[in-house]
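Just so it is clear: chains get the letters A, B, ... in the order the sequence lines come, proteins before strands, and each one is counted from 1. Because only heavy atoms are used, hydrogens play no part in the values below, and waters and symmetry mates are left out as well, while side chains stay in.
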2 protein chains.
Amino acid sequence: MTKKNNTAPHHHGNLREALINAGLELLETGGTQALTLRKCAALAGVSHAAPANHFNGLISLKVAIMARGHFMFTEAMQQANAQAETSPWNQLNATCEAYITFARTHKTLFHLMFQSGCEELEGADKQSMSENQQACEASYGTLQQVCLPFEHTGNNALNTETMVWSLVHGYAMLFADKDCAMQDVPEFSEILPRLKLK
Amino acid sequence: MTKKNNTAPHHHGNLREALINAGLELLETGGTQALTLRKCAALAGVSHAAPANHFNGLISLKVAIMARGHFMFTEAMQQANAQAETSPWNQLNATCEAYITFARTHKTLFHLMFQSGCEELEGADKQSMSENQQACEASYGTLQQVCLPFEHTGNNALNTETMVWSLVHGYAMLFADKDCAMQDVPEFSEILPRLKLK
DNA sequence: AAGTAATATTGACAGTGTCAATATAAGCAT
DNA sequence: ATGCTTATATTGACACTGTCAATATTACTT
């Protein structure tokens with residue numbers, strides 16, 4: 001039963017990844033409505049019921065896509081870190097900017113990644129859930145690391161993380177599409193310095 | 001065509017409100033999945049296609065429900081204001097607590113109210129859209145007012161509003177269900193004081 | 001080479017949003 | 001009051017969706 005690593009094992013190749021890719025594409029082009037098991041199957045060139053062999057229903061595919069989203073998210077933030085100057089504040093600022101840029105660039109995916117409450121995800125299979133949990137921890141870990149230098153007297157790390165995460169996440173959620181904003185919104189770089197960090 | 005104000009005008013009475021109520025009930029009991037035109041119609045005791053006379057499709061019903069949600073939201077924040085001490089900081093704190101409590105109490109509705117990007121809402125009818133816009137402005141206005149006293153040298157009001165809104169909204173979105181949190185989350189009252197407000 | 005497990009297909013079913021055609025009832029003019 | 005017009009509700013249909021059971025096909029193991 002153990003798959004050989006490199007070669008395509010079965011009928012399709014590896015359908016699981018293909019379906020996730022198809023789902024990502026549908027999500028970005030057609031919005032949440034377009035993310036459909038049957039459309040994914042069609043895009044991957046298989047029959048409408050083929051996904052059932054890899055995902056325990058639509059919810060599992062969604063969770064798997066969320067996992068992929070969090071990996072992309074982590075990569076984006078880490079790349080921003082790598083390119084930013086190494087001072088703690090520059091690292092934090094670059095990470096937040098990447099956070100917001102990701103939300104703007106992958107609006108639908110970002111919403112999917114964060115919209116779902118816990119109980120909505122029940123029923124997803126173990127593999128998807130595990131992948132998603134790992135990916136979530138990776139993305140949160142990135143933010144956590146850039147917050148760490150700001151741990152000081154009276155400000156424990158958890159408190160600072162939570163504050164920064166809430167601020168950047170709220171900003172990203174509320175103002176990801178500028179068209180929706182009721183008025184002109186100040187840049188995040190004007191807001192972040194108003195946290196008491198040190 | 002003008003309706004008399006008090007008496008039920010037609011077959012059902014006023015089906016529009018009944019459908020919104022049904023939608024709210026379905027949302028709270030059965031989650032996002034349960035919000036369905038046909039289920040709303042059944043709950044209101046009409047045929048499956050009756051809603052078409054009041055809503056331009058499912059999206060319009062959703063927008064109307066979002067509007068109702070924002071009205072409830074505004075009421076909750078204003079009630080908290082009324083009960084809190086009148087100092088600016090107490091007012092702000094109470095409003096934020098009410099914000100978070102609403103997100104926790106009406107989790108699914110809260111997500112619906114804020115999840116949808118602009119373009120997903122396209123196609124909703126004018127009445128629903130107008131109601132929702134008014135309700136959004138009302139709820140934002142409440143937050144805006146409690147931020148106003150903190151306008152000071154160098155901090156314009158818009159900047160402060162945006163900061164506070166982002167922080168409380170991010171916190172509410174991320175930690176509305178504690179079960180999902182990766183770790184224990186500090187109370188919001190420990191975070192709010194770390195904004196540079198004055 | 002044969003057998004077994006994994007994978008994909010086909011067909012079916014209930015549920016969904018939406019549309020067109022029809023029926024019913026309310027409000028208004030005469 | 002009577003008839004007309006408009007608003008509202010019903011019925012039936014259609015395509016699309018997720019999901020399941022039965023079957024077929026392929027890959028891996030022995």
Residues from residues 42-49 of chain A lying under 4.0 Å of DNA chain D - heavy atoms
H48(A), A49(A)

Side-chain donor/acceptor pairs under 3.5 Å, residues 57-74 of chain A, sequence neighbours excluded:
from: S60(A); atom 1: OG; to: N56(A); atom 2: N; distance (Å): 3.4
from: S60(A); atom 1: OG; to: D125(A); atom 2: N; distance (Å): 2.9
from: S60(A); atom 1: OG; to: D125(A); atom 2: OD2; distance (Å): 3.3
from: R68(A); atom 1: NH1; to: E17(A); atom 2: OE1; distance (Å): 2.7
from: R68(A); atom 1: NH2; to: N21(A); atom 2: OD1; distance (Å): 2.4
from: H70(A); atom 1: ND1; to: S139(A); atom 2: OG; distance (Å): 3.2
from: T74(A); atom 1: OG1; to: H70(A); atom 2: O; distance (Å): 2.7
from: T74(A); atom 1: OG1; to: S139(A); atom 2: N; distance (Å): 3.2

Distance-only donor-acceptor test, N53(A) side-chain atoms vs dA8(C) base atoms, 3.5 Å:
yes

Residues that S87(A) engages under side-chain hydrogen bond (donor to acceptor under 3.5 Å, both in side chains), provided they are two or more places apart
N90(A)

What's the CG-P distance between N56(A) and dG18(D), to the nearest Å?
14 Å

Co-members of L158(A) in a cluster of I, L, V, M, F, W and Y side chains, linked at under 4.5 Å
none

Show me the side-chain donor-acceptor pairs of residues 40-51 of chain A shorter than 3.5 Å, one per line, residues at least two apart or across chains.
none

Taking OP1 and OP2 of dC16(D), is either one under 4.0 Å from a side-chain nitrogen or oxygen of K39(A)?
no

Residues which pass side-chain hydrogen bond (donor to acceptor under 3.5 Å, both in side chains) with N81(A), listed by chain and number, not counting sequence neighbours
T95(A)

Quick one: L37(B) CG to dC19(C) P, roughly how many Å, whole number?
11 Å

Please determine whether any donor N or O and acceptor N or O are separated by less than 3.5 Å between the side chain of R38(B) and the base of dG15(C).
no

Is the centre of the H106(B) ring less than 6.0 Å from the centre of the F102(B) ring?
yes

